[in-house]
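Step one of this worksheet: look at the structure below.
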Amino acid sequence: MKISVVGTGYVGLVVAACLAENGNNVIGVDIDEDKIDRLKRAEIPIFEPGLEEMVKRNLEEERLSFTTDLPTSVERSHILFIAVGTPPGDDGSADMRYVLDVAETIGRSMNGEKIVVLKSTVPVGTNERVHDAIGKLTDHAFSVVSNPEFLKEGAALDDFLRPDRVVIGTEDAKVAEVMRELYGPFVRTGNPILVMDPPSAELTKYASNAMLASRISFMNEMARLAEKTGADISQIRRAVGSDSRIGHPFLFPGVGYGGSCFPKDVRALIQTARELEVDLPLVEATERVNEAQKLILVPKIRKFFGEDLAGVTLAIWGLAFKPKTDDMREAPSIAIIGEVVGAGVRVRVFDPEAMAEARKSLAPWNDKITYCRKSYEACEGADGLVLVTEWNEFRNPDFERIHSLLRRPVIFDGRNIYDRERLGQLGFTYFGVGRG
Ligand SMILES: NC(=O)c1ccc[n+]([C@@H]2O[C@H](COP(=O)([O-])OP(=O)(O)OC[C@H]3O[C@@H](n4cnc5c(N)ncnc54)[C@H](O)[C@@H]3O)[C@@H](O)[C@H]2O)c1
């Protein structure tokens with residue numbers, strides 16, 4: 001099939017590469033000229049395992065190409081994916097400017113029948129808005145399909161190539177058939193392609209993210225209680241997750257969720273509900289708990305060093321919002337670093353992939369931050385170590401070396417990845433989350 005994917009960010013680039021990998025002819029389109037120039041040379045602007053090889057392979061096979069020329073791409077394609085950003089506006093609602101811009105250019109460039117696929121996460125009702133925006137500008141037949149994406153950064157290729165389910169929002173049976181044909185190769189093990197009306201498809205994405213976020217916030221709330229009672233949330237998590245009705249994923253307490261999806265999608269859902277005068281107390285609480293949770297380590301840091309933190313230096317391991325990505329959007333590290341630096345702390349930071357992005361996200365505090373090239377370099381001369389993002393390489397480090405590098409052997413474990421008994425034996429003071 002002849003496909004254009006508009007927006008070559010974390011989602012669009014994966015969608016374009018994976019569809020090309022399956023034999024389709026795909027054009028990746030973006031307004032960012034620098035990004036497109038780099039992609040033409042198979043230089044990947046983001047860190048996503050396996051993506052570079054896949055893009056390279058498909059560029060060489062000429063199934064994948066990149067351009068900034070959207071009108072020509074529209075003319076050359078039958079299926080047009082919109083995968084541009086939907087960042088939060090001032091009131092928390094999703095900013096639809098980029099999606100509607102693309103829709104209008106599509107409308108002006110139509111030269112035959114097209115299927116427009118909304119891959120971006122968009123509020124309920126957007127399918128209709130996009131349909132109207134295009135319909136005003138063309139007499140050609142077209143259909144707008146809502147097809148939310150559920151991939152996780154860090155495992156995006158696998159998630160797209162082997163999805164748990166594919167959601168297709170359309171009332172048009174013929175279009176549904178084309179989408180089934182497109183996605184068929186990805187669900188050969190029998191995972192469902194769920195065809196539904198567009199509003200249900202749009203809301204499914206928000207419901208999924210709000211559910212996952214609420215599991216994290218729920219466990220973070222339990223962690224706060226566990227800590228006060230002397231219980232250990234890590235033990236509780238294992239037992240709770242073993243219940244087959246509950247399961248283990250997304251029950252890990254820590255410094256809260258971040259990233260480009262959960263925070264903004266939870267807020268956008270709250271805003272949609274407000275506009276429709278529907279109360280969502282559970283979703284609102286999920287967001288509130290998470291905001292507080294990002295700073296959960298700060299009182300522990302004060303407990304150890306004293307209320308006055310001026311002159312303290314902390315090593316920070318992990319800056320990206322989660323492992324295996326360089327994405328810094330709404331990363332808890334930003335809130336933690338902002339808070340401690342505001343209290344007079346200097347920080348020495350290290351992340352295996354997110355250093356370049358971190359310099360941009362942490363720019364307001366750059367004069368108080370030392371960006372280190374190695375994890376142990378961050379510990380040199382620091383008073384203590386704060387683990388924020390649980391990259392694999394931080395899981396089993398050389399604790400004796402850390403002990404010798406830190407001025408005071410204390411570890412604040414924001415993801416509960418360390419064995420506190422062992423650290424105690426090695427002479428460390430240990431603070432986790434929810435471990436009384
Ligand atoms: N990142 C994720 O893990 C994830 C997962 C599922 C869904 N989503 C959703 O997918 C959408 C895209 O997210 P992302 O993380 O890939 O965003 P991103 O910011 O990484 O990428 C968006 C891209 O769109 C481009 N763009 C903006 N306006 C454009 C225009 N008019 N024409 C062409 N290109 C344009 C930008 O230059 C950028 O490259 C969002 O709605 C997001 O909520 C993201």
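Given the structure is predicted, the values throughout are model-derived calculations rather than measurements. Both counts, for ligands and for their atoms, begin at 1 and track the order of listing.
Under the 4.0 Å criterion applied to side-chain N and carboxylate O atoms, Asp232 and Arg420 are assigned as salt-bridge partners. Salt bridge present: Glu284 and Arg274 bring a charged side-chain N and a carboxylate O closer than 4.0 Å. Of the charged side-chain nitrogens involved, at least one lies within less than 4.0 Å of a carboxylate oxygen, so that Glu291 and Lys294 count as a salt-bridged pair. With salt bridges taken as basic N to acidic carboxylate O contacts below 4.0 Å, none links Asp172 and Lys174. Ionic pairing of Glu227 and Arg224 is not present here: no N-O contact between side-chain nitrogen and carboxylate oxygen is shorter than 4.0 angstrom. Of the charged side-chain nitrogens involved, none lies within less than 4.0 Å of a carboxylate oxygen, so that Glu43 and Lys35 do not count as a salt-bridged pair.
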Provide, line by line, the atom pairs where ligand 1 and the protein bring an N/O atom each to a distance under 3.5 Å; else say none.
unit_1, atom_1, unit_2, atom_2, d
ligand 1, 1 (N), Glu153, OE2, 2.7
ligand 1, 1 (N), Ser260, OG, 3.2
ligand 1, 3 (O), Glu153, OE2, 3.2
ligand 1, 15 (O), Arg329, NH2, 2.9
ligand 1, 16 (O), Tyr10, N, 3.0
ligand 1, 16 (O), Val11, N, 2.8
ligand 1, 19 (O), Arg329, NH1, 3.3
ligand 1, 20 (O), Tyr10, N, 3.2
ligand 1, 34 (N), Ile31, N, 3.4
ligand 1, 37 (O), Asp30, OD1, 2.6
ligand 1, 39 (O), Asp30, OD1, 3.4
ligand 1, 39 (O), Asp30, OD2, 2.6
ligand 1, 39 (O), Lys35, NZ, 2.6
ligand 1, 41 (O), Thr86, OG1, 2.5
ligand 1, 41 (O), Thr121, N, 2.9
ligand 1, 43 (O), Thr121, OG1, 3.4
ligand 1, 43 (O), Lys264, NZ, 2.6

